[in-house]
Number of protein chains: 2
Amino acid sequence: MTPLSNSIDHLTQTFRESGLRVTHQRLEIYRELMEARDHPTAEQLYRRLRGRIPTLSLDTVYRTLTTLVTHGMVKRLETVESQARFDTTRQRHHHIICKRCNEIMDFHWPLLDETPLPGEVDSWGRLDGVNVVVYGVCARCLAGDAQPT
Amino acid sequence: MTPLSNSIDHLTQTFRESGLRVTHQRLEIYRELMEARDHPTAEQLYRRLRGRIPTLSLDTVYRTLTTLVTHGMVKRLETVESQARFDTTRQRHHHIICKRCNEIMDFHWPLLDETPLPGEVDSWGRLDGVNVVVYGVCARCLAGDAQPT
DNA sequence: ATCTTTGCAAACGGTTTGCATACAG
DNA sequence: CTGTATGCAAACCGTTTGCAAAGAT
């Protein structure tokens with residue numbers, strides 16, 4: 001847990017290394033995102049943080065997330081929903097999304113990581129990452145109702 | 001090419017089977033999307049079609065795409081860009097996206113299609129599709145400039 | 001004749017931006 | 001002190017929606 005520690009000291013250092021000033025808002029936004037397991041939207045983060053930082057504004061959450069994305073500390077997930085979702089850049093992992101409730105679960109797929117990409121992809125340019133997105137309907141939604149997808 | 005023929009007759013039948021009225025606009029929007037190889041945005045489709053259908057409105061393009069997505073004839077791609085991109089539902093394939101120019105290339109990966117998903121995913125619920133997205137910078141962008149990503 | 005689809009224009013909603021103040025370095 | 005970050009409010013822009021006219025069945 002050390003390399004991704006959410007201690008104030010560690011976060012402070014991480015920001016400094018990126019040449020970013022260390023502000024209370026940034027620390028808390030990043031920390032909240034690290035601890036969240038649900039790929040929150042900017043607004044969800046905002047609501048969760050308002051209790052702790054009553055003067056926080058939604059724009060700051062957006063601006064901070066954009067800044068952290070630019071510096072590679074946060075990943076903006078591609079999603080079909082209208083709102084963007086965010087994730088701290090941690091260990092390589094993939095996503096499975098429920099079409100009904102939009103919940104995103106992480107999973108690991110070591111077998112895929114070993115599978116070589118097709119040649120046409122290798123020659124396409126510089127590759128930065130392979131991401132798998134599985135779509136479906138989660139067990140909870142399947143149990144909860146009987147509506148068609 | 002027969003099953004995905006872009007002939008008027010075939011498209012007409014496809015719409016009828018979905019209980020959709022067959023309009024000039026729908027035929028042309030769907031046909032344009034089928035022939036496009038670049039996963040166009042609604043606005044790109046609109047601009048390409050305006051020559052042929054001068055009275056076409058952008059709203060109709062949006063509405064038609066939404067309708068076709070609902071009926072499973074079109075897929076809305078998840079993308080980090082602000083504008084949505086669309087694709088006709090054809091053979092299973094994956095996407096590679098250039099972070100710089102946002103161009104999306106299709107590729108096939110038979111090896112992956114044979115690789116079993118991890119057990120935790122199988123037990124998650126009902127799975128509808130596995131989609132791989134590779135990120136990187138395409139050769140053209142790499143050649144064209146030397147800016148950092 | 002009936003009911004869906006279209007075009008227009010206006011609304012919507014998530015995100016971004018300009019500006020003055022607050023604050024980190 | 002200097003310059004970046006924040007909060008506020010307003011703008012932005014892709015997308016959606018209400019309505020009357022046009023068109024498909």
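What you see is a predicted model, and the numbers here were worked out from it, not measured in a lab. Per chain, numbering begins at 1; letters A, B, ... match sequence-line order.
- Nucleic acid contact for A:Thr55: sugar-phosphate only, since backbone atoms but no base atoms lie under 4.0 Å from a heavy atom of the residue.
- What you find for B:Val74 and B:Thr89 is that their closest heavy atoms are C-CG2, 3.9 Å.
- When the nucleotides C:dT6, D:dT16, C:dT5 are ranked by their closest atom to the side chain of B:Leu20, C:dT5 comes out on top.
- A donor-acceptor contact under 3.5 Å is not formed by the side chain of A:Arg21 with the base of C:dC23.
- Between B:Thr41 and B:Gln44, the shortest heavy-atom distance links the atoms N-OE1, 2.9 Å.
- Ring orientation note: the planes of A:Trp109 and A:His94 are nearly perpendicular, at an angle over 60° on the 30°/60° scale.
- Taking 4.0 angstrom as the limit, A:Gln25 places a side-chain polar atom (N or O) nearer than this to OP1 or OP2 of D:dG7.
- DNA chain D is contacted by both B:Glu43 and A:Val61; A:Val61 maps to the nucleotide lying nearer its 5′ end (nearest heavy atom per residue).
- When the nucleotides C:dT16, C:dT6, C:dG14 are ranked by their closest atom to the side chain of B:Thr23, C:dT6 comes out on top.
- No hydrogens or angles were tested; on distance alone, a donor-acceptor pair under 3.5 Å links the side chain of A:Arg63 to the base of D:dG7.
- Rounded to whole angstrom, the span from the CZ atom of B:Arg26 across to the P atom of D:dA22 amounts to 19 Å.
- A residue-by-residue look at B:Arg85 and A:Ile53 shows that A:Ile53 has its nearest nucleotide of DNA chain D further toward the 5' end.
- Distance from the side chain of B:Leu56 is smallest for C:dG7 among the nucleotides C:dG7, D:dT25, D:dG7.
- Minimum atom distance to the side chain of B:Ser82 is reached by D:dG14, of the listed D:dT6, C:dG7, D:dG14.
- Here the C1' atom of nucleotide D:dG14 and the CD atom of B:Gln44 are 13 Å apart, to the nearest Å.
- Within 6.0 Å of atom CD in B:Glu103, 12 or fewer heavy atoms from other residues, nucleotides or ligands are found, so the atom counts as exposed in its surroundings.
- Closest contact between the side chain of B:Thr66 and the listed nucleotides C:dG7, D:dT16, D:dG7 involves D:dT16.
- Atom CZ in B:Arg50 sits roughly 13 Å away from atom P in C:dG7 (whole-Å rounding).
- As rounded to whole Å, 13 Å separates atom P of C:dA9 from atom CG of B:Leu58.
- Between the P atom of D:dG14 and the CG atom of B:Leu45 lies a distance of 15 Å, rounded to the nearest Å.
- The CG atom of B:Leu27 sits 13 Å away from the P atom of C:dT5 (whole-angstrom rounding).
- Checking D:dT16, D:dC8, C:dG7 against the side-chain heavy atoms of B:Ser57 singles out C:dG7 as nearest.
- For A:Arg76 (side chain) and B:Val80 (main-chain N/O), no donor-acceptor pair under 3.5 Å exists by modelled atom type.
- A:His93 and A:His39 have tilted rings, their planes meeting at an angle from 30° to 60° on a 0 to 90° scale.
- Separating the CZ atom of A:Phe15 from the C1' atom of C:dA24 is a distance of 13 Å, rounded to the nearest angstrom.
- Atom CG in B:Asp59 sits about 17 Å away from atom P in D:dA20, given to the nearest Å.
- Summary of the strand contacts: B:Thr64 and A:Thr12 both lie near DNA chain C, and taking for each the nucleotide with the nearest heavy atom, the more 5' one is attributed to B:Thr64.
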